[in-house]
Engineer: 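One structure coming up, written as structure tokens, with questions to follow.
Here is the naming used below: chain letters follow the sequence lines, and residue numbers restart at 1 for every chain.
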Amino acid sequence: MVNSFFRVHPAINIGRVGNSKDYYIAPETAAGKLQDPSTGLFGGLPTQHGTEDTPIDSSDFRDAEEKVVRQAARYRIYAYDTGQDTYPSTDPGREVKIGDKIGDKEIVDIVWTVHLANKKNNAYTIESANGIDEGVVAYEDGHVPPIRNPEYGDELSNEERLKQLVIDAGPRAIKSSKGAASPVEFNATTACCHAEQSGKISEIPDYPVSFPSDYFEMYNYDGPIETLGQLQIESDTGRLIVTGGYGKVSGIKVNGKEPPLKDAVDNDGWFDDTSDGPVNAVIVFDDQTTSSVVGGWFSETDPGYAPQTRNVVSVWDDTFNTWVEELDLVPDLYSDGKYNPSYQVSFLGEVLPVFYAALLQRWNTNFASKAINGHNHMAQITFKDNPKVQIPNFKSLIRDPNVSEENDVGVKMPLALGDAMKRFLAVSKTQYFMLMQWFDGKCIEDEPAMGGGETLDRVVMENLLGGRYSPGIDLGFIVRDVHLFKVNWKGETGPFRINEEPLDYSKVRKGKPFLGVGYLPLRTAMVQPGDLGKFLSQPWHTDYNSCAIHQTDPNPNNDNTLYWSWPAQRPVQVFPASLCAYDVDKKVWNLGGQLYSIRGDNLGSDNLTHTDYPQKEGRYQEYTDYTANWHKVGFVIQGSQIKTEDGGNYGSKYFLEVASQFNPTPNGDPTGFWPTAAIPKSKD
Amino acid sequence: MMNRIYLKAILGGVLLSLILTGQASAKQEETCPNIDISGWFPHSTTPEPDNVNFDSSTICNFQEWSWQMFLWLTQKSGDKPRFLSFESPYDLLGIENRSVMMPRTTEAESFDEFLQAGTDGILVDHNGNAVYYSQYLNEAYTKFIRDNFENDKNIIDPALIRGFSPDTPFPVGSIELKASWKIVEPGEDASEFYTMDASVYQLANSGGNIVVDTTKIRKVKLALVGFHIGGIVNGHPEMIWATFEHIKNTPSVPAKFEPTTIVSNKDFTFYKAGTPYSGCNVNYAGSPYLKLDEATQKLLPIVEGCLQYEYGNSAENDPILQASVEKNDKHIKTLNKIVRKHLQDPDEDKVWSNYREVGSIWFRPTNALKPDMTLATDFAPDGSQFLIGSLKLSNSTIETFTQYPASVNNCFRCHNTQQRFPPAASDGTHLLPLKPMKLNISYAFSNIYFWSQQLPQQ
């Protein structure tokens, strides 16, 4: 026995698809936080493969064949000497590796088990029967939205549905002691296996691995879906690296032909190769005893096209809000149903990231100078400044999430689309409280001390899109539901852990589906592999293409103004580095104008993104064209990470598009400046 | 809540026809003009409107004020229209232009404004020239600024503005103006326009942007194509915002349209016959498609302009607004016809008959201006009508690119009393914002505040 607790960190980590076999490591710094004040480098950049913390540069988004490099999730194990009863933990913990001592024992191995699945086709639709994206509300009072693929059965528990519509690659295990040997594939030909509590890896020969082409004649873009990714061990560190799928998309043929792909989020019969599932480990000591480890979770989603752009509301903000208000995470901040008016917020931790998030939106949107000036002003505010001088009407400027009427007020900030029947995005209630504490002078400068493991937990979620889950791009509205998490977090477990269902592989039966319905919002069923991703778009490609600019929904006064869905993670208008011009006299780079990020090739009506309807700008007009061309879209990265002969790089003040494979000359429709407005169609 | 508000609006609409309470609708308004306007003519004798004793009781009164003010401002005073003798915001600060915050060194002011407010858009005319803009402030306005914000060195002191009462409005009679000017090419017939010889700063490519070149001046003839009036009258510290255009600027978009709708089969100054709606008001600014040939000072592509709302209103409106909209538009149409006919009299300078009122907009209640108003909707919090007149008012040459989006499609959407964030200072310093004040209704005022922070004397 050892007296330490072990946890996988980050608690949740994110892989991102790419059509390359190569990968970089998921960011371990937060977008919207200044990483290096001396250079102005912002966080959020992934880490170069094979390095501890070297951020990628513009040359790392594509491989030697110009394919999109995947984002891998890296997991570590931290040891804690005491159980946790506060957040952040008073015990910062320490990362442990093979060879480290825990008391008088030495770690000789870490055996990891990961189980990946995709349940998107055996799930409920994002839109309720009433045509509204209701989020968690759709699951209240025993209700559920309509079922996807109803022709295969009207219950998610239907065995044929579970067997055919769930992509289940099964579990795979890998030992850290094996080092960076060959990756273990999540495909049909690699044996399923898992780590026993003894640390032994046992094969599961009868595991019912399932891929769509096992049951259906599929129409494939870029080949069939044959794997959900790989496991491998990082050289020298023994950490686990999980890579996911390749962005493939595949539909069940209808009458021998490509099935329709017409909806933004619910497309029956269409699969993608994203997945999610638990990341568990067993620590083996030199005396052959073992310790269990509190597990983490892996989830794979869309490419990170703008990794440094923080959304004003991140998954962290929504998750933290859930935990603060419902799970007693920080009693000093919130207890007995109310926020503590004496609470001192951290300027660097809670306030400035919101201002930086606002600052960064301009690089993915077509703000005119008025908006840019406002955001630039906010980002220049320091801890020493008097808030009431810097933003005199801050309280009327920021949309108050506690006042439902403000859902409808289009002049308040943040000015992006909301979800779940809210017209506009609002900061979380916790965010709002903390921003107002700063405004009222109840603020300290620094962030509270936090251990490395908990920092990773937070950073991952800070880099994910929150606030608007219609259905979301990284994780869905489920982060607002406490049933997703292990609520008894004190002691060994720690916060933000997915309420993972223990999977007993001894119960595997040949030919019978192993995974069941799993987690549903507001229900007590625990979380299985595939249960996080099933609340996202089916496939992800259609939603990514669609979610550029829209009118608000609801829109009771028929406001024709168009707003952004996901201005941080889904760049709409970008500044290509290739259009920038170098000022030889001043030795600086200057911007050269904006184009749509998704802009197709060629001009005018020959361009598959061209439209006369402003509400349809910045996307392919047919979803099938995006599924065929998603890998052409460029990436937005800070100018200092873009090498160039003139001046060395483009400078840290710009965030520019690189690595786009659309035609290099200016093309697509002109972007103009916000606001633009929807033109009614004759049939509307 | 929105549904509740909308219900209120519908109920209010029903009630409106029964109980026309409040300002601008208390009287029956069957005809407009409702006064004898013969005293406005000849144009050379148009008296200044009586701002102090302005009567807010009818919509017609506001449209009459707008036309009378236009006539008075364009009336020849000395050798030029009166408004050209007013000071500009630059004059008030004693600076040459906003790009170089240096003291005035030349007698004549060159125009430097070519970016439209809000969208940074550039209206490129059919000759490839940018349309330029100029601003003017009357003596009541400038005296108020000097009396309250000049320090003992006769310099506008931003600290005095920061310490000023947010509840104090501009005095009645204050006027701010913005004019839009098209460059007349040699040989081009501009006989139907008011024209003047002037100079504009040349444009240059710099840093990926098109900017004014403060070292080069271009002598040009300018033709007046658009004219904004913002004026304070009794009961309306928010200003009556009126706009006028040359009648041949652009065609008006029909009430029902699609992208393929041909807006007109006739040529206009800023519109080529047969251009579909999708080709109208395309904002190329910020796009790599927009190119400036520095040698010729010509820009491409040109912008095909269309006026989205002929009298600043759409045909169909929320029921609570509909009656006032119909009345407003009818009055403008009538006044335009009558006044322009007077201006065609043999004794008149006929050039002014080629301009028409598009519309004007103001607050329905009197003395309702407060600091920190967003003015994002046409309604008061209780669901009653708050804005009145031309509720979607834009000038096709001044707000070319913001005419259609509901969030910015009238003057008050931007001319509100919220705080103002500072622009980027020319020297990179961090300027302080402007707190919410009644005076913020005037963008000239907020510009004066920000520019005053950058004056080298400070």
Engineer: Between A677(A), G592(A), G593(A), which shows the greatest number of heavy-atom pairs under 4.5 Å with chain B?
Structural biologist: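 The residue among A677(A), G592(A), G593(A) with the greatest pair count is A677(A).
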
Engineer: Where does A371(A) contact chain B at under 4.5 Å (heavy atoms): side chain, backbone, both or neither?
Structural biologist: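 For A371(A), neither part sits under 4.5 Å from chain B.
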
Engineer: Please output the residues of residues 280-288 of chain B in contact with chain A, using a heavy-atom cutoff of under 4.5 Å, in numerical order.
Structural biologist: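 Within residues 280-288 of chain B, the residues under 4.5 Å from chain A are V282(B), N283(B), Y284(B), A285(B), G286(B), S287(B), P288(B).
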
Engineer: For atom CD of E316(B), is the number of surrounding heavy atoms from other residues, nucleotides or ligands below 6.0 Å larger than 12?
Structural biologist: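 At most 12 heavy atoms, drawn from other residues, nucleotides or ligands, come within 6.0 Å of this atom.
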
Engineer: Pick whichever of V588(A), L562(A), N667(A), D385(A) has the most heavy-atom pairs under 4.5 Å with chain B.
Structural biologist: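 Winner by heavy-atom pair count: N667(A).
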
Engineer: Looking at chain B, which one of S369(A), C580(A), P554(A) has the largest number of heavy-atom pairs inside 4.5 Å, strictly under?
Structural biologist: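 Top count of heavy-atom pairs under 4.5 Å with chain B: S369(A).
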
Engineer: Looking at CZ of R413(B) and OG1 of T561(A), how far apart are the two atoms once the value is rounded to the nearest 0.5 Å?
Structural biologist: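 Here the interatomic distance stands at 9.0 Å.
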
Engineer: Calculate, to the nearest 0.5 Å, the distance between atoms NZ and CZ belonging to K370(A) and F421(B) respectively.
Structural biologist: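 The CZ atom of F421(B) is 10.5 Å from NZ of K370(A), to the nearest 0.5 Å.
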
Engineer: For the NZ atom on K412(A), are there more than 12 heavy atoms of other groups (residues, nucleotides or ligands in this structure) within a distance under 6.0 Å?
Structural biologist: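 Enclosed.
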
Engineer: Tell me, for D583(A) versus chain B, whether the close heavy atoms (under 4.5 Å) come from the side chain, the backbone, both or neither.
Structural biologist: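 Neither part; nothing is under 4.5 Å.
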
Engineer: Hey, is NZ on K388(A) packed in by over 12 heavy atoms from elsewhere, all under 6.0 Å?
Structural biologist: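 Correct, the count exceeds 12.
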
Engineer: Heavy atoms, side chains only, cut-off 4.5 Å: are Q419(B) and I391(A) in contact?
Structural biologist: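 Side-chain contact under 4.5 Å: yes.
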
Engineer: Heavy-atom distance under 4.5 Å to chain B: side chain of N560(A), backbone, both or neither?
Structural biologist: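 For N560(A), heavy atoms of backbone and side chain both lie under 4.5 Å from chain B.
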
Engineer: Using a cut-off of under 4.5 Å for heavy-atom pairs, which of D372(B), T377(B), N205(B) has the most such pairs with chain A?
Structural biologist: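 The option with the most such pairs is D372(B).
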
Engineer: Where is the tightest heavy-atom contact between P675(A) and V408(B), given as atom of each residue plus distance?
Structural biologist: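 Closest heavy-atom pair between P675(A) and V408(B): CG-CG2, 3.4 Å.
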
Engineer: At a heavy-atom distance under 4.5 Å, which candidate from P405(B), A406(B), G118(B) has the highest pair count against chain A?
Structural biologist: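 Answer, by heavy-atom pair count under 4.5 Å with chain A: P405(B).
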
Engineer: Quick check on I372(A) against chain B: is it the side chain, the backbone, both or neither that has a heavy atom closer than 4.5 Å?
Structural biologist: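 No part of I372(A) comes within 4.5 Å of chain B.
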
Engineer: I need the Y563(A) OH to S407(B) OG distance, nearest 0.5 Å.
Structural biologist: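 If we round to the nearest 0.5 Å, Y563(A):OH and S407(B):OG are 4.5 Å apart.
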
Engineer: Under a 4.5 Å heavy-atom cut-off, does chain B meet the side chain of T676(A), its backbone, both or neither?
Structural biologist: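 The backbone, not the side chain.
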
Engineer: Relative to chain A, which segment of Y289(B) carries a heavy atom at a distance below 4.5 Å: side chain, backbone, both, or neither?
Structural biologist: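 For Y289(B), the side chain is the part near chain A, not the backbone.
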
Engineer: Within the structure provided, determine whether D612(A) and Y277(B) are in side-chain contact (heavy-atom separation under 4.5 Å).
Structural biologist: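 No, too far: nothing below the 4.5 Å cut-off.
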
Engineer: Could you have a look at N407(A), T671(A), L591(A) and say which one has the most heavy-atom pairs with chain B under 4.5 angstrom?
Structural biologist: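 The candidate making the most pairs under 4.5 Å is L591(A).
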
Engineer: Sequence neighbours excluded and cut-off under 3.5 Å, please list the side-chain donor-acceptor pairs for residues 431-440 of chain B, or say none.
Structural biologist:
residue: K435(B); atom: NZ; partner: R162(B); partner atom: O; Å: 2.7
residue: K435(B); atom: NZ; partner: F164(B); partner atom: O; Å: 2.8
residue: K438(B); atom: NZ; partner: D167(B); partner atom: O; Å: 3.1
residue: K438(B); atom: NZ; partner: L369(B); partner atom: O; Å: 3.4
residue: N440(B); atom: ND2; partner: Q418(B); partner atom: O; Å: 2.9
residue: N440(B); atom: ND2; partner: K435(B); partner atom: O; Å: 2.8

Engineer: First locate atom CD of Q116(B), then atom CZ of F673(A), and finally report the distance between them rounded to the nearest 0.5 Å.
Structural biologist: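 Reported to 0.5 Å precision, the distance equals 12.0 Å.
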
Engineer: Between atom NE2 of H430(B) and atom CD1 of I381(A), what is the distance when rounded to the nearest 0.5 Å?
Structural biologist: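 Between atom NE2 of H430(B) and atom CD1 of I381(A) there are 6.0 Å.
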
Engineer: What's the spacing between D120(B) CG and N366(A) CG if we round to 0.5 Å?
Structural biologist: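 CG of N366(A) is found 10.5 Å from CG of D120(B).
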
